[in-house]
Peer 1: 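Got a structure for you, questions after.
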2 protein chains.
Amino acid sequence: MMTLTEENYLKALFHLSTENEEVSVLDLSKSLAIKMPTVNSMVKKLSGKGLISYEKYKPLMLTQSGKRAAGLIIRKHRLVEMFLVQHLGFGWDEVHEIAEQIEHIKSQRFFDRIDQLLDFPKVDPHGSPIPDTNGEIVFQNYIKLEECVENQNIVFMSVGSSQDSFLKLIDRLNLKLGDKIKVLEIQEFDKTMRVLVNEAIEQNLSQMVAANILVRI
Amino acid sequence: MMTLTEENYLKALFHLSTENEEVSVLDLSKSLAIKMPTVNSMVKKLSGKGLISYEKYKPLMLTQSGKRAAGLIIRKHRLVEMFLVQHLGFGWDEVHEIAEQIEHIKSQRFFDRIDQLLDFPKVDPHGSPIPDTNGEIVFQNYIKLEECVENQNIVFMSVGSSQDSFLKLIDRLNLKLGDKIKVLEIQEFDKTMRVLVNEAIEQNLSQMVAANILVRI
DNA sequence: CTAAAATGTTAGAATAGTCTAACAAAAAAT
DNA sequence: ATTTTTTGTTAGACTATTCTAACATTTTAG
Ligand SMILES: [Mn+2]
Ligand SMILES: [Mn+2]
Ligand SMILES: [Mn+2]
Ligand SMILES: [Mn+2]
């Protein structure tokens with residue numbers, strides 16, 4: 001049985017590993033806001049449990065078993081987020097904190113029932129994929145809106161950041177996952193994009209916003 | 001902020017206080033399955049926080065503030081149990097363990113939403129009262145079926161034990177909260193009761209079972 | 001290719017929660 | 001009224017998780 005603490009370390013390492021080629025003790029330390037020596041000893045402990053493969057001064061890596069464990073926790077996290085939005089009426093900017101806690105509940109059945117209640121969703125409220133019952137994630141290859149060109153038609157599928165302020169901004173812009181977007185114009189000067197949403201409303205999006213809007217063609 | 005551990009101590013003390021006139025360190029120790037010296041030091045700690053009033057060698061008592069805190073945790077526990085039964089399809093014998101964990105989630109809003117989703121229930125799946133938002137419990141004065149007499153008509157309102165085996169037995173007997181019961185006959189020899197349920201089915205209930213069926217007249 | 005900076009590790013201490021062993025007080029039994 | 005039993009307390013130790021300070025290694029810069 002893993003502790004809540006161990007689960008959070010694994011999850012953080014998993015996320016860092018998908019974002020970066022190599023993950024250092026310092027990366028993990030920053031990501032968890034826990035000092036390096038603490039991370040160092042926990043890494044050794046998880047290495048002892050066969051979840052992290054660790055060699056002194058080398059980048060950190062999850063073992064196969066560690067990947068699976070992390071995937072299963074992320075599965076729980078995302079199922080819970082989906083449940084909170086769909087059944088308890090929370091906004092997508094309010095669910096992460098709560099899911100961060102509920103993901104550690106020890107009851108396979110509890111999460112199975114939520115999965116069932118949600119009709120086996122494939123993505124969470126932020127458009128991130130929900131790992132399967134083996135902890136396996138199917139990564140979608142979305143592109144950033146930022147990389148699109150004028151006159152391109154795409155669909156808003158996921159967000160690149162789950163920061164509160166970003167999600168609230170997207171809400172204020174009345175953008176929702178699934179919206180059809182057409183790039184009307186890109187400003188030479190600051191890369192601001194003028195887009196048409198659902199063939200109805202025009203919006204101006206800064207490059208920073210466009211960089212965090214993930215779309216499929 | 002209270003820790004999960006502290007919350008469990010408070011809750012246990014609250015429950016013991018409603019069942020017994022006086023609660024000893026040993027009672028609390030047994031109820032939590034934690035050794036006396038550990039309980040002793042935690043009691044001192046909670047006394048320091050103004051939640052328990054403690055004097056050496058004297059019975060343990062919750063302060064006003066401790067009662068309120070315990071009531072609020074029990075509220076969360078029972079709301080969660082109700083939610084698990086009504087929305088996730090769990091049996092009333094399966095929910096306690098999960099509620100024992102979820103009751104510690106730090107999010108007022110989460111429990112408010114569950115309360116709302118359940119349409120502000122007043123009792124949990126076992127017929128126990130759900131404390132109000134101030135942690136206040138309104139105790140119903142139900143009597144034990146055991147104490148009823150022949151030909152008396154009563155209604156099954158709550159269970160006196162939440163033991164797995166007892167709840168499963170009640171299920172197997174097809175008894176549900178709200179059922180109308182008429183006492184047909186009480187055996188002189190072993191106090192076994194013959195009852196009529198919902199004017200339809202006859203059942204034999206041992207005294208031990210009858211002692212844990214709480215009814216209103 | 002050294003020197004400085006960044007990163008990583010070890011050592012030692014702190015807190016929360018638990019335990020066992022030993023001692024103390026209160027309650028019960030004789 | 002003692003003695004015995006039960007209950008309660010203290011002392012000291014252990015594990016998990018965290019920290020700071022000091023030292024070591026690796027990486028980067030000049
Ligand atoms: Mn999240
Ligand atoms: Mn978490
Ligand atoms: Mn319960
Ligand atoms: Mn609990």
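Everything numeric in this text was worked out from a predicted model, so none of it was measured. Letters A, B, ... are given to chains in the order of the sequence lines, protein chains preceding strands, and every chain is numbered from 1.
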Peer 1: Please report, rounded to the nearest Å, how far the P atom of C:dC19 is from the CE atom of B:Met42.
Peer 2: 11 Å
Peer 1: Given side-chain hydrogen bond (donor to acceptor under 3.5 Å, both in side chains), test A:Gln101 with B:His104 step by step and report yes or no.
Peer 2: CA-CA 9 Å; A:Gln101 299 174 64; B:His104 305 290; over 6 Å; no
Peer 1: Check the distance between C:dT18's C1' and B:Lys45's NZ and give it to me in whole angstrom.
Peer 2: 12 Å
Peer 1: Nearest whole angstrom, please: distance from the P of C:dG8 to the CD1 of A:Ile34.
Peer 2: 16 Å
Peer 1: Separation of A:Glu22 atom CD from C:dA6 atom P, in whole Å?
Peer 2: 19 Å
Peer 1: How long is the line joining NZ of A:Lys35 and P of D:dA21, in whole Å?
Peer 2: 11 Å
Peer 1: Taking only the side-chain nitrogens and oxygens of A:Thr38, find out if one of them lies under 4.0 Å from OP1 or OP2 of D:dC19.
Peer 2: yes
Peer 1: Could you tabulate the donor-acceptor pairs under 3.5 Å formed by side-chain atoms of residues 83-90 of chain A, not counting sequence neighbours?
Peer 2:
none

Peer 1: Using a cut-off of strictly less than 4.0 Å between a heavy atom of the residue and any atom of DNA chain C, enumerate the qualifying residues of residues 2-13 of chain B by number.
Peer 2: B:Thr3, B:Thr5, B:Tyr9
Peer 1: Let me see the working for B:Trp92 and B:Asp171 under side-chain hydrogen bond (donor to acceptor under 3.5 Å, both in side chains), right down to the final yes or no.
Peer 2: CA-CA 9 Å; B:Trp92 67 347; B:Asp171 278 345; 3.2 Å; yes
Peer 1: Can you list every pair that meets salt bridge (Lys or Arg N to Asp or Glu O under 4.0 Å) and has a residue in residues 47-62 of chain A, with sequence neighbours left out?
Peer 2: A:Glu6-A:Lys49
Peer 1: Evaluate A:Ser158 against A:Val123 for side chain to side chain contact (heavy atoms under 4.5 Å, CB included), listing each step before the verdict.
Peer 2: CA-CA 9 Å; A:Ser158 182; A:Val123 294; over 6 Å; no
Peer 1: One character per nucleotide, please: for nucleotides 3-10 of chain D, 5' to 3', B when the base has a protein heavy atom closer than 4.0 Å, S when only the sugar-phosphate does, - otherwise.
Peer 2: ----SBBB
Peer 1: Identify each donor-acceptor pair in which a side-chain atom of residues 24-32 of chain B lies under 3.5 Å from a protein atom, sequence neighbours left out, and give them as a table.
Peer 2:
from: B:Ser24; atom 1: OG; to: B:Leu26; atom 2: N; distance (Å): 3.4
from: B:Ser24; atom 1: OG; to: B:Asp27; atom 2: N; distance (Å): 3.0
from: B:Ser24; atom 1: OG; to: B:Asp27; atom 2: OD1; distance (Å): 3.3
from: B:Ser24; atom 1: OG; to: B:Asp27; atom 2: OD2; distance (Å): 3.1
from: B:Asp27; atom 1: OD2; to: B:Ser24; atom 2: N; distance (Å): 2.9
from: B:Ser29; atom 1: OG; to: B:Ile34; atom 2: O; distance (Å): 2.5

Peer 1: Return each pair, listed once, that meets ring-ring contact (aromatic ring centres under 6.0 Å, His included) where at least one residue sits in residues 19-77 of chain A; pairs must be two or more places apart or across chains.
Peer 2: A:His77-A:His96
Peer 1: Nearest 0.5 Å, please: how far is NZ in A:Lys76 from CD1 in A:Ile102?
Peer 2: 12.5 Å
